[in-house]
Amino acid sequence: MRCAENIVLIGFMGAGKSTVGRRLAQRSGRYFLDADALIESAQGKAIPSIFDEKGEAYFRQLEQQSARWLAECVRGSIVSTGGGMPMVVEKLRDIGTVVYLKISFEKILQRIRPEERKKRPLFNDTAKTRMLFEARERIYEKRAQITVDADRDPDAIVEEILSKIEEKQNA
Ligand code: S3P
């Protein structure tokens, strides 16, 4: 069986990786995989519990492990990564074509309401989260092969990703 290449979505929390990823999967005949959900399934615990019980450094090791598995074992999928994975996994391109969903911090604050921030271990303090965002932006840029403006209708984003991938393949 010939399998399509994976597409890896990166970007900050709230950039829309899951929403866009699911639609991109349907539109392109791929499966949708969420790296956070893979880690949760392997650990039998939700991300906040992993952070609480084992700490962030341990979680980052799990992300590196999941990235190795994705690169070795998965084809034909859309992979949505946790917002911090590009900081600890340099070779995301070994998994597939890396697409950065770029969005401003102001938009993220509008999208992730205060009650939802509690579910995210790194979203407790807005000023700290903004600093994290600013520090990460250049890493996302560096890892990405394709960058798209994520402050738009998800279907429009999906179409742009597919046409940019085609352009890249024909280049
Ligand atoms: C994190 C983002 C989360 C999750 C964890 C850490 C981060 O994923 O991996 O809470 O460091 O930005 P989402 O980007 O899917 O919310």
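Order of listing sets the numbers, starting from 1, for every ligand and every atom in it. All heavy atoms count here, side chains included; hydrogens, waters and symmetry mates do not.
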What's the shortest distance from [atom] to any protein heavy atom, and which residue and atom give it?
atom: atom 12 (O) of ligand 1; result: Arg136 NH1, 2.7 Å
atom: atom 5 (C) of ligand 1; result: Ile47 CG2, 3.9 Å
atom: atom 15 (O) of ligand 1; result: Asp36 OD2, 3.4 Å
atom: atom 14 (O) of ligand 1; result: Lys17 NZ, 2.5 Å

Once the angle between the rings of Phe59 and Phe51 is folded into 0 to 90°, is it parallel (under 30°), tilted (30 to 60°) or perpendicular (over 60°)? tilted

What atoms in ligand 1 come closer than 4.0 Å to a heavy atom of [X]?
X: Leu122; value: 7 (C), 11 (O)
X: Gly82; value: 8 (O), 9 (O), 14 (O)
X: Phe59; value: 9 (O)
X: Arg60; value: 7 (C), 11 (O)
X: Arg120; value: 16 (O)

Do [X] and [Y] touch side chain to side chain, with heavy atoms closer than 4.5 Å?
X: Ile95; Y: Thr81; answer: no
X: Arg117; Y: Met13; answer: no
X: Ile108; Y: Phe123; answer: yes

Is Glu160 salt-bridged to Lys164, going by a charged N under 4.0 Å from an acidic O?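 Between Lys164 and Glu160 there is a salt bridge, with a charged N closer than 4.0 Å to a carboxylate O.
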
May I ask you to decide whether Glu141 forms a salt bridge with Lys102, counting only side-chain N to carboxylate O separations under 4.0 Å? yes

Judged by non-hydrogen atoms, does Phe123 sit under 4.0 Å from ligand 1?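 So Phe123 does not count as touching ligand 1.
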
Phe105 and Leu132: side chain to side chain contact (heavy atoms under 4.5 Å, CB included), yes or no, with the steps? CA-CA 10 Å; Phe105 191 65; Leu132 193 64; over 6 Å; no

If you measure from CD on Gln145 to CZ on Arg93, what distance do you get to the nearest 0.5 Å? 4.0 Å

Who gets closest to atom 1 (C) of ligand 1 by heavy atom: Gly83, Pro121, Ala15?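 Going through Gly83, Pro121, Ala15 one by one, Gly83 has the nearest heavy atom to atom 1 (C) of ligand 1.
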
